[in-house]
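Worksheet: one structure, shown below.
For the numbers below, each heavy atom of this structure counts, side chains included, while hydrogens, waters and symmetry mates do not.
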Amino acid sequence: MTSSERTMAAATWRATMAPLLERRVGPRKVALEPDLAPATRWTPLLPGEATRPSRDRFVRSATDPGPLPTSDVDIAFAPVTHLSRWIETRKLSSERLTHIYLDRLKRFDPQLRCVITLTPDLALEQARRTDAEIAAGKYRGPLHGIPWGVKDLLDTAGIPTTYGAEPFRNRVPSVDSAVVRRLHDAGAVLVAKLSLGALALNDIWFGGQTMNPWLLEEGASGSSAGPGAATAAGLVGFSIGSETQGSIIAPSMRCGVTGLRPTYGRVPRTGAMTLCWSYDKLGPMARTVEDSMLVLQALSGPDAGDVSSVSSSLDFDANASVRALRIGYFPKWMEESPATDVDRATLEAARKVGMIPTPVSIPDWPYDSLNVILFAEAAAAFEELTLSGKTNELRVQTRDAWPNLFREARFLSAVDFVQADRFRRMVAREMTRVMSQVDLLMVPSLRDEGLVISNNTGHPSLTLRTGFVNVSEARSDWAPDPANPLPKFSPPRRVPHGVTLIGRLFDEGTIASAGMALEQSLGVVGERPPGFAR
């Protein structure tokens, strides 16, 4: 602006803009309740776009899991596909399995710091009820009797839900969230509220940093740190995480588990902490691809408490062929960091199982500028925390932590927010074009553009272990701190590595089929973190 333009704007600002800011500057006649969503709503499907599966079908594998292992450790690390068959046939009681996981949670949590609240009384009550129901011939399905843990941003009636943040550590909701309620209805057994980085950022919460079971000198990554660590270490049968931008993908990658981020709108967020209304997604973290789909089936469907949740079909057949599926990839992304030889070998493995690698491209646009939307929504969601000064209670106060990011976001321009929102629509159109050329995409899991684009457009993703890499330095979500350098390793340490598959909107079934084929072909999913295989 010129000097005269600035003078005019400053002179008229108070009179022109004050009425628009009544809620901030007073007398504050209106209070915005935490569960009040914005009037504008993001819809990932573009007008005229028909990408939802035409049929609702779910076919699980019929594989016989074999006899029940004699070792509690082997039982603890078994996938849900096996655990559910043993429980259904009464070779394994839910009560015994619950005791196994509760024991492991107590024994290993001091190393991992992945548990915020253990729920033994509720768990054993649910387990005993499960065993009685199954004995009476009432079997609810593949999650019946399976112990699980939930990221501590999903409300649980009468049990603390702390968001991993000091200001909320004494918060006890009176009603279960929609996802918790659905898993209770499916007969799953809740054993623990699991850690998350405070207010869903990275992996440090008020109890410390959650650590990676494969490399205890580094964090588990976040923000679904507890679900990633607990699932990888065999402390739960499966877990529920959430993602706004990488919070299922990153810990799944680092901890070597399978993370399924559903299409935006498929799983209702009623009773979940809001970070970003138009981004937040809830999804399963498990030890195998089929496990994640068994959980997704129980979670899908709209709920009146989430205005963005929608009805959608789920088409999955565990026996489906992947031959001739066009698997898109970005050649440049596969050649540059963070891609590794494991990523490139996985693309070759896709070819060997019959998929057709297909190069695709996207424009060279400033995708990170979309983060204006994320930061503005997050700052709005926690405005009261910022204005009250309670963000100062959070353990981490670095420049890349929420307290500073919330304050910075108050200086974002509303005009820039709208322009970023319009750009988001352009990116969605571009993704529609790309996905019209292929059946799914394979991307390096931590490629920034992939995380930003797919979370803005709402496409589903599946992250799975496909190999191992060696690291010579601990990894971190946080900005480098010269005063506290990360541990270095000589010789380098061996850790899991995996790729991310991105599907068409509401087409989780296709990425699951591709993931299962890769899982079987590569044969690396069964290896356990050494310190926890006891």
Closest approach of [X] and [Y], non-hydrogen atoms and distance?
| X | Y | value |
| --- | --- | --- |
| Leu370 | Ala420 | CD2-O, 3.5 Å |
| Asp280 | Leu275 | OD2-N, 2.9 Å |
| Arg425 | Thr43 | NH1-O, 3.6 Å |
| Arg104 | Ala233 | NH2-O, 2.7 Å |
| Ala220 | Cys255 | O-SG, 3.7 Å |
| Thr500 | Ser445 | OG1-OG, 2.8 Å |

Checking the side chain of [X] only, and the main-chain atoms of [Y] only, is there a donor and an acceptor separated by less than 3.5 Å?
| X | Y | answer |
| --- | --- | --- |
| Arg266 | Phe506 | yes |
| Arg182 | Gly301 | yes |
| Asp291 | Val80 | yes |
| Glu508 | Gly503 | no |
| Ser413 | Asp416 | yes |
| Thr156 | Ile159 | yes |
| Ser177 | Asp155 | yes |
| Thr2 | Glu5 | yes |
| Thr117 | Lys193 | no |
| Arg504 | Met435 | no |

Pair Arg433 + Glu430, salt bridge at N-O below 4.0 Å: yes

Do the charged groups of Arg410 and Glu383 touch, with an N to O distance under 4.0 Å? yes

For Ser239, give me all partners under side-chain hydrogen bond (donor to acceptor under 3.5 Å, both in side chains), at least two apart in sequence or on another chain. Thr231

With sequence neighbours excluded, tell me which residues meet side-chain hydrogen bond (donor to acceptor under 3.5 Å, both in side chains) with Lys281. Asn455

Does NZ or CZ of Arg447 lie under 6.0 Å from the centre of the six-membered ring of Tyr367, at an angle within 45° of the ring axis? no

Using the salt bridge (Lys or Arg N to Asp or Glu O under 4.0 Å) rule, collect all pairs that involve [range], keeping only residues at least two apart or in two chains.
| range | answer |
| --- | --- |
| residues 108-123 | none |
| residues 295-309 | Arg181-Asp303, Arg269-Asp306 |
| residues 232-257 | Glu243-Arg261, Arg254-Asp477 |
| residues 214-240 | Glu217-Arg493, Glu218-Arg475 |

Matching residue for Leu299 among Val179, Leu314, Leu282, Leu260 - test: side-chain contact (heavy atoms from CB on, under 4.5 Å): Val179

Validation row: [X], [Y] side chains within 4.5 angstrom (heavy atoms):
| X | Y | result |
| --- | --- | --- |
| Cys114 | Leu235 | yes |
| Tyr264 | Ser308 | yes |
| Leu216 | Leu112 | yes |
| Leu294 | Phe238 | no |
| Asn404 | Thr398 | no |
| Pro284 | Ile248 | no |

Could you walk me through whether His497 and Met253 pass the side chain to side chain contact (heavy atoms under 4.5 Å, CB included) test, one step at a time? CA-CA 6 Å; His497 188 84; Met253 173 77 162; 2.8 Å; yes

Partners of Arg395 by salt bridge (charged side-chain N to carboxylate O under 4.0 Å, His left out), sequence neighbours excluded? none

With Arg429, which residues qualify under salt bridge (charged side-chain N to carboxylate O under 4.0 Å, His left out), at least two apart? none

Evaluate the criterion side chain to side chain contact (heavy atoms under 4.5 Å, CB included) for residue pair Leu441 and His459; output intermediate values, then yes/no. CA-CA 11 Å; Leu441 295 172; His459 286 76; over 6 Å; no

Give every residue pair that meets the ring-ring contact (aromatic ring centres under 6.0 Å, His included) criterion with at least one member in [range], sequence neighbours excluded.
| range | result |
| --- | --- |
| residues 396-420 | Phe382-Phe406, Trp402-Phe406 |
| residues 172-226 | Trp214-Phe468 |
| residues 105-127 | Phe108-Phe532 |

So with a 6.0 Å cut-off around CG of Asp364, is the heavy-atom count from everything else above 12? no

Criterion side-chain hydrogen bond (donor to acceptor under 3.5 Å, both in side chains) on Ser195 and Thr210, from CA distance to verdict: CA-CA 7 Å; Ser195 62; Thr210 300; 2.6 Å; yes

Would you check, one step at a time, whether the test side chain to side chain contact (heavy atoms under 4.5 Å, CB included) holds for Tyr163 with Arg171? CA-CA 9 Å; Tyr163 306 164; Arg171 179 180 177 274; 3.2 Å; yes

Identify, with sequence neighbours excluded, every residue that meets side chain to side chain contact (heavy atoms under 4.5 Å, CB included) alongside Met426. Trp365, Phe423

Are Gln126 and Arg129 close enough, and set up right, to give a side-chain hydrogen bond (donor to acceptor under 3.5 Å, both in side chains), and what steps lead you there? CA-CA 5 Å; Gln126 291 180 325; Arg129 183 167 62 247; 5.8 Å; no

Starting from the C-alpha separation in whole Å, work towards a yes-or-no answer on side chain to side chain contact (heavy atoms under 4.5 Å, CB included) for Val427 and Asn456. CA-CA 8 Å; Val427 174; Asn456 270 274; 5.6 Å; no

